[in-house]
Protein chains: 2
Amino acid sequence: MERLIRNLKIAINPKVFVKDPESSDLGKRLVEHGIGLIDAHGFENFTFKKLGEQVGSNESSVYRYFENKHKFLLYLSSWYWGWMEYRLVLNTLGIADAEEKLSKALEILTQPVELDMAFEHIDEVALNRIMVNEHSKPFLTKSVDRENREGYFEPYKRLVERLAEMIRAVDGDYGFSLSLASTVLEGSLHQHFLDVHFPSLTNCKKPETITRFFKQLVSAALNQAS
Amino acid sequence: MERLIRNLKIAINPKVFVKDPESSDLGKRLVEHGIGLIDAHGFENFTFKKLGEQVGSNESSVYRYFENKHKFLLYLSSWYWGWMEYRLVLNTLGIADAEEKLSKALEILTQPVELDMAFEHIDEVALNRIMVNEHSKPFLTKSVDRENREGYFEPYKRLVERLAEMIRAVDGDYGFSLSLASTVLEGSLHQHFLDVHFPSLTNCKKPETITRFFKQLVSAALNQAS
DNA sequence: GCAAATATAATAGTGTTACTATCATTTATA
DNA sequence: TATAAATGATAGTAACACTATTATATTTGC
C-alpha cells in the first residue's frame with residue numbers, strides 16, 4: 001500500500017502550468033512553500049517575488065513554472081479537487097448500497113481534511129484552509145468563461161457530477177441533483193469559513209456538525225421528493 | 001407612497017466611507033458609475049482613476065469619498081444587503097402564517113432582482129449582477145475579522161438572522177436555522193452564478209427554478225426535522 | 001571526461017496600480 | 001464680499017506583475 005501510494009500523482013491540466021512543478025525538486029518546493037505563504041498571509045499578499053525568496057531562489061525562476069499567481073491558484077485548486085475526487089472514489093468504491101454510499105461521500109466531502117502522507121510536498125490541511133479562505137477566487141474573475149472553455153475547472157466539475165450521480169442513485173426522481181451537489185460542495189466550504197470568521201451565522205460549532213447538517217439536508221430533500 | 005418612498009435611504013455604517021456619497025451630487029454619481037464600471041469590466045479591472053474619469057473628475061476626488069476600492073465594494077455590498085432586508089421586511093410584514101411568510105421570504109431572497117425606482121442613482125439589477133459575480137470578495141480577505149469587528153458586515157448578518165428567525169417560526173425544533181439561512185443566501189448567489197457560467201453544474205436553467213429548488217429544500221429540511 | 005544542452009540564478013527595466021501630498025480653482029455660506 | 005468648503009489638476013512614491021537579458025550551475029549524451 002505504502003509503495004503503491006507513493007507512485008500516485010494527481011493529474012493536472014498542463015495548461016495551468018508552464019513547466020510541471022512535479023517534474024523537479026524546485027517545482028515541488030515552489031508548490032510546498034506557495035501553500036505555506038498563501039495559508040499564512042492570504043492570496044492577496046502572496047507574490048512570486050516572495051515565493052522565489054522563500055525557496056532560496058528568485059522571481060524569474062517562479063515564472064518558469066507558472067504564468068502568474070492566478071494560474072498558481074488554479075493549480076492548487078485543481079490539485080485539491082482532484083485529490084478530493086481520488087479520496088471520494090477510494091472510500092466509496094466498495095459500497096454497494098446507494099444510501100450508504102452517498103452518506104460516506106458526504107462525510108468525505110464535508111469533514112475537515114487530514115494530512116495525506118501519500119503526497120510528501122503537499123500539506124493538505126493547509127491547502128484545505130486555503131480552499132476555505134479563498135475558495136471562490138479561482139472562478140470569480142472576468143476570464144472565468146474562457147478559462148472554463150480551456151478546461152481549468154474540470155476537476156471541480158467532475159466532482160460535482162460524481163456527487164450528483166450518487167444523489168440520483170438514491171432517488172432517480174429528484175430533479176435537482178446537480179444543484180444540490182453544487183450547493184453541498186460550495187456550502188460546505190462556506191460553513192467552514194463561517195465557523196472560523198462568522199460563528200454567529202452558523203449552528204455548526206464543531207466541524208462534525210457541518211457534516212451532520214448536510215447529511216440531514218440531503219436526506220430530507222431526497223425523502224420528500226420521492 | 002411615491003413621496004414616502006422617495007425619502008427612503010438605506011443606512012450604511014459610516015466607517016465604510018470617508019464622506020457619505022449620498023450627501024452630494026458627485027458622491028451619487030460615483031456610486032452610480034462605480035456600479036456601471038464594475039458590472040461592465042469586473043471588480044479586478046475597476047480603478048479609482050477610471051471611476052474619476054468616468055464622472056468627469058479625477059482620482060483624487062474619489063479618494064475624498066472612499067478610502068480604497070475594497071471599501072467601495074463594502075459600501076455596495078452593505079447597500080445591497082440593506083436593501084434586501086428592506087424588501088424582505090416590506091413584503092413579509094403583513095403575513096401572519098409562518099410558513100407562508102417563510103415562503104415569501106425565500107422568493108424575495110432568491111428570485112432575480114427588479115429595478116427599484118425608489119433609489120434613483122442605483123441600478124439594482126446591475127448591483128445584483130455584481131453581487132452574483134463578486135459576492136465573496138467583500139469577506140474573503142485577510143482583514144475579514146477586523147472588518148467584522150468594525151461592523152462592516154452587519155447588514156448581511158442581520159439578514160441571515162432574520163431568515164433564521166422565520167425558519168424557527170416554522171419549526172422551533174430545527175437545530176440548524178442559522179446554517180440553513182446562510183446556506184440559502186450564499187447558495188442562491190452561487191446558483192445564479194452557475195446558471196450563467198457553469199450551466200452543467202445546476203438544474204436551474206430558469207431563475208424561477210432556483211427559487212423552487214430552495215423552497216423545496218427548506219421545506220424538506222423542516223418537515224423532516226420536526 | 002568533455003561538450004552541448006538545459007535548468008537555474010541574478011539583474012535590470014517597463015507599465016500599471018494604489019495610493020499621498022500639494023496647490024489651484026470653483027462653488028456654497030455667513 | 002470674505003471665508004470656508006468642495007472639487008479639480010498635477011506630481012510623486014512604493015509595490016506589483018511582469019519581460020528580457022545575461023551569467024552560472026547542473027545534467028545528459030557521447
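Numbers restart at 1 for each chain; the letters A, B, ... are given by sequence-line order, proteins then strands.
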Next on the checklist: For B/Lys49, is the NZ atom crowded, meaning more than 12 foreign heavy atoms sit under 6.0 Å from it?
Outcome noted: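 Counting neighbours around NZ of B/Lys49, 12 or fewer heavy atoms of other residues, nucleotides or ligands fall under 6.0 Å, so no.
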Checklist entry - Given side chains that start at C-beta, do those of B/Leu76 and B/Val31 come closer than 4.5 Å, heavy atoms only? => result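 Yes, side chains in contact.
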Next on the checklist: For a 4.5 angstrom cut-off between non-hydrogen side-chain atoms, does A/Thr183 reach B/His190?
Outcome noted: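 A side-chain contact under 4.5 Å is absent here.
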Next on the checklist: Parallel, tilted or perpendicular: which one describes the rings of B/Phe139 and A/Phe198, with boundaries at 30° and 60°?
Outcome noted: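 Judged by the thresholds at 30° and 60°, the geometry between B/Phe139 and A/Phe198 is perpendicular.
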Checklist entry - What is the ring orientation for A/Phe119 with A/Trp79, classed by angle as parallel under 30°, tilted 30 to 60°, or perpendicular over 60°? => result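 Rings of A/Phe119 and A/Trp79: perpendicular, as their planes differ by over 60°.
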Checklist entry - Is any side-chain N of the basic residue among B/Glu154 and B/Lys157 closer than 4.0 Å to the acidic one's carboxylate O? => result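 Salt bridge flag = yes for B/Lys157 with B/Glu154.
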Item to check | Interface with DNA chain D, restricted to residues 137-150 of chain B and to heavy atoms under 4.0 Å | outcome: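 The stretch gives none, as no residue of it lies under 4.0 Å from the strand.
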Next on the checklist: Could you tell me the boundaries of the chain B footprint on DNA chain D, defined by atoms under 4.0 Å from its heavy atoms?
Outcome noted: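 Result: D/dA6 to D/dT10.
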Item to check | Base versus backbone protein contacts along nucleotides 7-26 of chain C [heavy-atom cut-off under 4.0 Å; B, S, -] | outcome: SBBBB------BBBB-----
Pairing residues for [X] by the side chain to side chain contact (heavy atoms under 4.5 Å, CB included) criterion, not counting sequence neighbours:
X	answer
A/Lys137	A/Phe43, A/Glu44, A/Leu73, A/Glu134, B/Leu140
A/Lys215	A/Ser103, A/Leu106, A/Glu107, A/Thr211
B/Arg87	B/Trp83, B/Met84, B/Asn91, B/Ile108, B/Val113

Item to check | From B/Asn148 atom CG to B/Ser143 atom OG, the distance as rounded to the nearest 0.5 Å | outcome: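 OG of B/Ser143 is found 11.0 Å from CG of B/Asn148.
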